Amino acid sequence: MNWRTLTKAQRDVLVLKVLLAAVAVVGLFYLGIFPLMDRVGALQQKRDQLSLKLREGDAAVRGGDALRRQLDERRRQLDRRLIGGTPPASNPLLWATEVIYRHARATGVAVESVTEIKGDIPFWAKPPEVKPRNEEEEVRRATAAGAPPAPRPPPRRFAPYAILVNLVGSYDRLKAFAYSLESENPVVSMTTISIVAREATPEQHQVRLVVEWPRVMDSMQPKLKAIYEDE
Amino acid sequence: MRIRIDLLAFSERRQQGPVSTRFALRTTVLTLILAVILGAAWLFFISHTARSEIQTKESAWRDMEPLVKAIRRLRGRNADAQAFLNELDAWAEVRQAGHVVLEHIQRVVPAEMQFVRLEIRDDITARRPSSEAEPARPYRQFRMRINGRTAGERSEDTVARFLLALKDIGAPNRFCPSVSLVSLQSDPQAGAGFSSFEINAEGEERPLRHAAPPARAKAP
């Protein structure tokens with residue numbers, strides 16, 4: 001086959017054939033090979049994602065025993081620190097009175113009265129107003145300000161529970177009472193200590209104490225209960 | 001002078017190489033077609049393999065999913081338990097033990113001084129945040145007021161010494177680095193040579209920190 005020897009009609013047919021062949025090749029790639037390659041890519045990606053999910057799942061399941069042990073340990077710590085160290089949800093004054101009288105008896109101070117200081121949950125313990133968080137808006141604002149959006153702190157789980165204790169005793173006995181109370185429980189606080197000298201008995205002072213414990217807020221009781229739920 | 005005489009017509013000329021142009025062209029085209037067919041077959045094969053692997057893995061995931069969900073719940077509870085414990089730790093950290101304060105004050109009171117009233121406050125307060133969406137930042141701040149009297153002619157020296165000693169108690173973590181004398185005056189009712197005084201002391205703000213946010217249970 002020689003181009004120069006071909007007639008015009010033969011040349012036209014040849015050019016047409018070449019063009020058709022080129023169109024067929026392009027069509028084959030665009031409609032057949034490339035979509036097939038995309039499909040294979042998507043399938044492989046899905047397979048890899050599943051493999052990763054399975055590997056992570058497997059690792060999570062294998063770490064399950066350690067997690068269970070850790071949760072058991074935390075439950076024990078919570079039992080010890082909540083049951084012994086914070087007022088219960090029901091009848092907290094009875095619990096607090098028992099604590100105060102026990103330490104008073106042990107240290108020789110005379111308790112005159114124990115009363116509950118009633119009040120609402122302080123505003124700082126309440127969760128901030130819950131508004132649906134507009135993440136995009138926050139990110140946009142923060143980016144404009146040149147800083148990442150501040151993470152929202154978790155809600156507080158405890159609010160103070162306070163009682164007023166009037167007692168009579170010497171300074172040394174009051175110290176002993178405070179030591180006994182505070183060394184038993186690291187979260188109890190004497191938020192007010194008022195000592196007034198009594199002219200008639202210089203060694204015995206009139207003492208007014210505000211004793212405060214953290215107490216699980218009612219709104220947090222379901223979360224606390226959920227920690228103890230069986231699987 | 002060299003003369004080239006070409007007696008063959010164009011149509012009579014033949015390729016002088018080992019293969020003809022026609023053969024070379026046909027072989028190339030056939031090779032390309034074969035390559036495309038093999039490539040497509042290979043793509044079909046790996047697509048089929050991937051599909052069957054996906055089916056196997058999906059079936060394995062269906063078996064594993066309940067276990068993973070249970071672990072995820074367990075993680076959530078664990079994080080919650082830790083958050084409760086962390087917050088209790090925060091309460092313990094911010095506490096100023098009353099017995100330690102009473103002990104320190106007793107140690108620095110001069111012999112010629114007598115307290116009439118001692119009031120210590122260390123409750124939790126907080127400033128209102130600028131917006132309701134912002135969390136409040138509660139803190140404890142040690143505050144103390146002492147009313148008392150001193151005996152002797154140089155009462156001002158006794159009170160000044162006491163003030164200095166008060167400022168220093170608990171050093172290096174001083175309870176009340178800011179101590180001020182509110183009043184000092186002679187107290188004839190208490191007797192000759194007695195003076196009464198009032199002292200205010202204030203510590204620094206000790207924030208009641210938030211528990212660390214519970215770690216979000218990660219996928220799977």
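A quick note: this is a predicted structure, and the numbers were derived from the prediction, not measured. Chain letters run A, B, ... following the sequence lines, proteins first, then strands; residues in each count from 1.
- Only the side chain of Glu199(A) comes within contact range of chain B, with heavy atoms under 4.5 Å apart.
- Contact tally against chain B (heavy-atom pairs below 4.5 Å) for Arg47(A), Lys46(A), Glu182(A): the top residue is Glu182(A).
- Using a 4.5 Å cut-off between heavy atoms, Glu93(B) makes no contact with chain A at all.
- Counting non-hydrogen atoms of neighbouring residues, nucleotides and ligands closer than 6.0 angstrom, the CE atom of Met64(B) exceeds 12 such neighbours.
- Val210(A) does not touch chain B: none of its heavy atoms, backbone or side chain, sits under 4.5 Å away.
- In this structure, no portion of Arg145(B) lies under 4.5 Å from any heavy atom of chain A.
- When each of Arg143(B), Arg127(B), Gln106(B), Glu53(B) is scored by its heavy-atom pairs under 4.5 Å with chain A, the top score falls to Gln106(B).
- The stretch residues 198-206 of chain B places none of its residues near chain A, where near means some heavy atom under 4.5 Å from a heavy atom of that chain.
- Residue with the most contacts toward chain B among Phe123(A), Trp213(A), Phe177(A), Tyr179(A): Phe123(A) (heavy-atom pairs, distance under 4.5 Å).
- Put simply, of His205(A), Arg81(A), Arg198(A), Gln44(A), the one with the most heavy-atom pairs under 4.5 Å next to chain B is Arg81(A).
- In this structure a side-chain-to-backbone donor-acceptor pair under 3.5 Å is missing from Asp123(B) to Thr191(A).
- Residues Pro155(A) and Met217(A) are not in side-chain contact: their nearest non-hydrogen atoms beyond the backbone lie 4.5 Å or more apart.
- A donor-acceptor pair is defined here as one N or O able to donate and one able to accept, closer than 3.5 Å; no such pair exists between the side chain of Arg26(B) and the backbone of Ala24(B).
- The closest side-chain donor-acceptor pair between Asn78(B) and Gln70(A) falls under 3.5 angstrom.
- Heavy-atom neighbours of Gln221(A) CD from other residues, nucleotides or ligands within 6.0 Å: above the threshold of 12.
- Chain A forms more heavy-atom pairs under 4.5 Å with one residue of Gly148(B), Ala50(B), Pro138(B), Ala126(B) than with any other, namely Pro138(B).
- Contact annotation for Ile33(B): neither backbone nor side-chain heavy atoms come within less than 4.5 Å of a heavy atom of chain A.
- Only the side chain of Glu212(A) comes within less than 4.5 Å of a heavy atom in chain B; its backbone stays farther off.
- Neither the backbone nor the side chain of Tyr228(A) has a heavy atom closer than 4.5 Å to any heavy atom of chain B.
- Among Ala197(A), Ala21(A), Gly41(A), the residue with the largest count of heavy-atom pairs under 4.5 Å with chain B is Ala197(A).
- With a 4.5 angstrom heavy-atom cutoff, Thr86(A) touches chain B only via side-chain atoms.
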Test Ile169(B) against Arg107(B) for side chain to side chain contact (heavy atoms under 4.5 Å, CB included), laying out the working first.
CA-CA 9 Å; Ile169(B) 58 173; Arg107(B) 271 194 218 153; over 6 Å; no
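- If you measure heavy-atom distances from Asp89(B) to chain A, the contacts under 4.5 Å come from both the backbone and the side chain.
- For Leu224(A), the parts lying under 4.5 angstrom from a heavy atom of chain B are both the backbone and the side chain.
- Between Cys176(B) and Met144(B), the shortest heavy-atom contact is SG-CE, 4.2 Å.
- Closest approach of Ser194(A) and Glu119(B) over heavy atoms only: OG-OE1, 3.9 Å.
- A donor-acceptor pair is defined here as one N or O able to donate and one able to accept, closer than 3.5 Å; no such pair exists between the side chain of Arg149(B) and the backbone of Val116(B).
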Go through Gln55(B) and Ser59(B) one step at a time and tell me if the side chain to side chain contact (heavy atoms under 4.5 Å, CB included) criterion holds.
CA-CA 6 Å; Gln55(B) 277 174 356; Ser59(B) 144; over 6 Å; no
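- Between chain B and the options Lys223(A), Arg74(A), Met190(A), heavy-atom pairs under 4.5 Å are most frequent for Arg74(A).
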Applying side chain to side chain contact (heavy atoms under 4.5 Å, CB included) to Thr27(B) and Thr31(B), what does each step give before you reach the verdict?
CA-CA 6 Å; Thr27(B) 314; Thr31(B) 311; 4.2 Å; yes
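- When the candidates Leu208(B), Leu43(B), Leu67(B), Thr56(B) are compared by the number of heavy-atom contacts under 4.5 Å with chain A, Leu43(B) comes out ahead.
- Contacts of Gln114(B) with chain A are absent, with no heavy-atom separation under 4.5 Å from either backbone or side chain.
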Residues Leu209(A), Ile100(A); criterion side chain to side chain contact (heavy atoms under 4.5 Å, CB included); working and verdict:
CA-CA 11 Å; Leu209(A) 300 175; Ile100(A) 295 297; over 6 Å; no
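- Ring geometry for Phe175(B) versus Phe142(B): interplanar angle of 30 to 60°, hence tilted.
- The candidate with the highest count of non-hydrogen atom pairs below 4.5 Å against chain A, out of His48(B), Glu58(B), Arg128(B), Arg137(B), is Arg128(B).
- Of the listed residues (Val25(A), Leu78(A), Ile33(A)), the greatest number of heavy-atom pairs within a distance under 4.5 Å of chain B belongs to Leu78(A).
- By the 4.5 Å heavy-atom criterion applied to side chains, Arg68(A) and Ile71(B) are counted as neighbours.
- Two residues are said to be in side-chain contact when any heavy atoms from C-beta on lie closer than 4.5 Å; Arg95(B) and Trp91(B) fail this criterion.
- If you measure heavy-atom distances from Pro122(A) to chain B, you find no contacts under 4.5 Å at all.
- Pairing each heavy atom of His103(A) with each of Ser180(A), the nearest pair is ND1-OG, 2.5 Å.
- Within the 4.5 angstrom heavy-atom criterion, only side-chain atoms of Arg39(A), from C-beta onward, approach chain B.
- Side-chain atoms of Arg75(B) never come within 3.5 Å of backbone atoms of Ala60(A) as a donor-acceptor pair (strictly under, hydrogens ignored).
- Within the 4.5 angstrom heavy-atom criterion, atoms from both the backbone and the side chain of Phe158(A) approach chain B.
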